[in-house]
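Taking it in order: structure first as C-alpha cells, then the write-up.
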Amino acid sequence: MPNQVPVADGVFTWPSDEPQLIASERDGVLSFPARPGEEERLLSRRGTLWAFTTQQFRPPSPPYDGDDTAETFQPYALGYVELPGELRVQGRFTESDPDKLRIGMEMEVVVVPYTTRPDGTEVLTYAFAPVADGEADR
Amino acid sequence: MSAPEVAIVGVGLHPFGRHGDKTALQMGAEAAWAALADAGTEWPRVQQAFVGSHVVSNPDAIVSWLGLTGIPVRGVFNGCATGGTSLQMAAAAVRHGEADVAMAIGFDKHPRGAFSGHPSIVGLPEWYGQVGLFLTTHFFGTKINRYMGLHGISTDSLAGVAAKNLRNGEITPHAWRRKALSVEEIRESPVVNFPLTQYMYCSPCEGAAAVVLCRADLAHSFSSAPVYLRASELRSRRSGSFELQSPSLPLETAPSPTVDASRAAYETAGLGPEDVQVAQLQDTDAGSELIHMAENGFCADGEQEKWIAEGATEIGGRLPVNTDGGLIANGEPIGASGLRQIYETVLQLQGRAGDRQVPGDPRVGYTHLYGAPGASAVSILTR
C-alpha cells in the first residue's frame, strides 16, 4: 500500500471508509469549501447529478499538479452533484464517459488518488462516483 | 425614449489576432488614434479616459503614446466585462458633467491556450487548482450541456452558431479567423469540454479597440452620423446564479447577471428586445451565444433550435447576431473585446460595415458581455 496524503486538510474526512465533504455554516447558509471561523458541517455522502461536462485536455500547470503530460493525460468528467437540502458541489467524477452519465443519476462521494509524487506518495482528492445498480437503495 | 445624453462619435480598432513582438500598449495607441481620427479630433480634446487591460497592470501608461496632457486616466479590469465597464465609466463621466469628451480604450496580449492563473487570485484554495478544477472552459461545457437537456437544443445548433460566426469572420476584413468551416467539420472536431468541440470555442489573443464619447448636444460638431448610447449597464452575480469558478452553488437559484444587466438596459433605454435590429452577444463558445439569446430576452429558452435552423441570427435574418464573427472569429483580448462589439455596432448603425452590412438600415444595436467571475455588461445604441 503506497503512502497516501489528502490534497489539502479540511476538504474531506480522511482516513475514512465513508468519507464526507467538510462544509461550514453561518446563519443557516452552507459554504463549501468551509470558511474560516464558521461552524463545521459534514455534508451528505449521496446526491443526484445536476450538471456535467468533460475535461479533455490537460489543465494549465500550475496550478494543476497531475504527474501526467499533455500526451498521457486521461480525460475526466466533472460537474455538480446536488446534495439534498444542502448544496450543489462541484467535483471530478470517477466515470469519464459522458454517455454513461445522466442528469438525475445517484452519485456518491469517494476519495481517490489523482496523482503520484516523485517519492511514490499518492495524492488524494474527493470525487463523485455513480452509485452502482442495486446499491441505490442501500 | 427620452433625449439622449451621451453620443459615440468615433470608433477605432487594432485587428485582433497574433502580432509578434508588438506590445499591447502600442496596439492600444493605434486603436485610440483611429478612434480620434474617426471623430475628426485629437487627444488634447479628451478630458477623461478609462483604459482596460488584463496583462498591462498599469494601462494608463498609454498616455506616453497619446500625449501627457494631465487628464484623469483610470485603469479598468473587470474580467470579461472589462470593455463594457470602461465604456460605462466613460459614459457616466460625460453624463455627470465631468467631461464633455471622454474615451474608453482597451487592449490585451494573452499567451496561447486557456486562461489560467493561481486560484488565490479569485479567493479560491490551492487544492481547487491542483486537482484540475480551476479553469474557465469547463464551466461553459457544464452550463450548455445541462441547458441542452432541459430545453431540447441539438449539437447541430451549437455547430450552426460556430459556422455562422466563422462565415461572418470570412467577410470581415479585420477578423482573425477568416476561414469558414462546415457544420460537420465543427461538430466532428476534437471535443474540448463535452459537448463543446475545438471550433465551437473562442481563443485568447491580442488586439485593441477604442471609442470616443461626448455630450449628445456636442455630437454633431464631431460626426455627421453620431450614434447615441441609450444604456450601458453592468451587473455582478447574485446568490444562486450559476457561475464560473464555483466549488459549490446554493440550492436556491437566481438568474444570470446577464438577465439583470439586460433588463436594466432595456428599462434605461426605453426599448425592448423586439426593437433591436443587430446584436453582439458574448460567444466565448457557441453554447454561450445560444444561452445569451434567451438571457438577453430575444427568444424563449429552447426557441434557439428553431432560430438557428431558420437562419434567424444570420446577417439578413430576423436578428443578426455577431455580425463580425464575434469572439469565435476574433478571439478575446479581454480589455478590448467589449469595445470591438461597440466598434462593430457603430459601423452597422452608420451603414459602414461593407460586405457584412445588415440590410434594412438598422437603427438600434445591442452589445452584451459575460464572463468570470460572474459579471455582465449590456449596452444599447441607437442612431
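In what follows, every chain begins at residue 1, and chains take the letters A, B, ... in the order their sequences are listed. Computed from a prediction, not measured in an experiment: that's the story for all the values here.
- No other option in A:Pro60, A:Ala8, A:Pro6 has as many heavy-atom pairs under 4.5 Å with chain B as A:Pro60.
- No more than 12 heavy-atom neighbours from other residues, nucleotides or ligands sit within 6.0 angstrom of CG on A:Asp9.
- A ring-centre distance under 6.0 Å is not found for A:Tyr114 and B:Trp127.
- Heavy atoms closer than 4.5 Å to chain B are found in both the backbone and the side chain of A:Gln55.
- Heavy atoms of B:Leu135 lying under 4.5 Å from chain A belong exclusively to its side chain.
- At a 4.5 Å heavy-atom cutoff, the contact between B:Thr253 and chain A is made by side-chain atoms alone.
- Between B:Phe242 and A:Tyr80, the distance separating the two ring centers is shorter than 6.0 angstrom.
- When all heavy atoms of B:Ser248 and A:Leu87 are compared, the closest pair comes out as OG-CD1, 4.0 Å.
- With a 4.5 Å cut-off on non-hydrogen atoms, A:Phe32 touches chain B through its backbone and its side chain both.
- For chain B, no part of A:Phe73 is nearby; none of its heavy atoms comes within less than 4.5 Å.
- The shortest heavy-atom contact between B:Val191 and A:Thr54 is CG1-OG1, 4.2 Å.
- With a 4.5 angstrom heavy-atom cutoff, B:Tyr128 touches chain A only via side-chain atoms.
- Counting non-hydrogen atoms of other residues, nucleotides and ligands closer than 6.0 Å to NZ of A:Lys100 gives a total of 12 or fewer.
- By number of non-hydrogen pairs under 4.5 angstrom with chain B, the leading residue of A:Tyr76, A:Phe57, A:Trp50 is A:Trp50.
- What you find for A:Pro63 and B:Phe134 is that their closest heavy atoms are CG-CD2, 4.2 Å.
- Atom CZ of B:Arg18 sits in a crowded spot, with more than 12 heavy atoms from other residues, nucleotides or ligands closer than 6.0 Å.
- The side chain to side chain contact (heavy atoms under 4.5 Å, CB included) test with A:Phe52 singles out one residue from B:Thr142, B:Asn193, B:Asn145, and that residue is B:Asn145.
- Here the closest non-hydrogen pair linking A:Thr53 and B:His138 is CG2-O, 3.4 Å.
- The contact between B:Pro247 and chain A is made by backbone and side chain atoms together, counting heavy-atom distances below 4.5 Å.
- For a residue to count as touching a neighbouring chain, one of its non-hydrogen atoms must lie under 4.5 Å from one of that chain's; by this rule A:Leu83 touches chain B with the backbone only.
- Annotation: the span from A:Leu101 atom CG to B:Phe194 atom CZ amounts to 9.0 Å, rounded to 0.5 Å.
- Around the OH atom of A:Tyr64, the shell of radius 6.0 Å holds more than 12 heavy atoms that belong to other residues, nucleotides or ligands.
- Here the shortest heavy-atom pairing between A:Gln90 and B:Ser246 reads OE1-O, 3.1 Å.
- With a threshold of 4.5 angstrom between heavy atoms, A:Ile103 approaches chain B through side-chain atoms but not through N, CA, C or O.
- Note: A:Arg88 leads A:Arg58, A:Gln56, A:Arg88 in heavy-atom pairs under 4.5 Å with chain B.
- Atoms CG and CG, on A:Leu30 and B:Leu251 in that order, are 8.5 Å from each other to the nearest 0.5 Å.
- For a residue to count as touching a neighbouring chain, one of its non-hydrogen atoms must lie under 4.5 Å from one of that chain's; by this rule A:Val11 touches chain B with the side chain only.
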